[in-house]
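A quick write-up on the structure given underneath.
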Amino acid sequence: MLKRRTCAHLNEIGNVTLPREPAVCEECVKNGSSWVHLRTCQTCGHTYCCDSSPEKHATRHFHETGHPVIASAEPGEFWLWCFVDEQITPYTI
Ligand SMILES: [Zn+2]
Ligand SMILES: [Zn+2]
Ligand SMILES: [Zn+2]
């Protein structure tokens, strides 16, 4: 039986932070790039683009800052992703 790892990083998060409207990747806006999906960093609240986007700013943000958890910023998607544990956690609102 597989032992399910638990992500301790989620304990440091209170309410899920979602992007301010209009939701944009702040880095893509700066350099004129475009994105596919958006993710919001749960440590600092900034919003960046997903790994399907050319610039992968959410992953880059994790490597630069160590901020471990992002939430999907897409409407109707309710999940968190921890880069450290590589674990997705659905949540309900
Ligand atoms: Zn974690
Ligand atoms: Zn981006
Ligand atoms: Zn951050």
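Atoms within a ligand are numbered from 1 in the order they appear, just like the ligands themselves.
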I'd like to know if the Zn ion (ligand 3) has an N/O/S atom from Cys41 within less than 2.8 Å of it, counting both backbone and side-chain atoms. yes

For SG in Cys7 and SG in Cys82, the angle at the Zn ion (ligand 1) (nearest 10°) is 110°

For His57, the N, O or S atom at the shortest distance from the Zn ion (ligand 2) is ND1

Rounded to 10°, the SG/Cys28 to the Zn ion (ligand 2) to SG/Cys49 angle comes out at 110°

With heavy-atom distances below 4.5 Å as the criterion, would you say the side chains of Cys28 and His57 are in contact?
yes

Flag for Arg39-Ser72: side-chain donor and acceptor within less than 3.5 Å: yes

CD1 of Ile13 to OG1 of Thr43, rounded to nearest 0.5 Å, is 6.5 Å

Here the N/O/S atom of Asp85 closest to the Zn ion (ligand 1) would be OD2

Would the distance check show the side chain of Gln42 and the main-chain N or O of Thr40 forming a donor-acceptor pair, the cut-off being under 3.5 Å? yes

Among the N/O/S atoms of His67, the Zn ion (ligand 3) lies closest to ND1

| message | Using 30° and 60° as the class boundaries, would you call the ring planes of His67 and His61 parallel, tilted or perpendicular? | response | perpendicular

Closest to the Zn ion (ligand 1), among the N/O/S atoms of His9, is atom ND1

Can you say whether the rings of Trp81 and Phe83 are parallel (under 30°), tilted (30 to 60°) or perpendicular (over 60°)? perpendicular

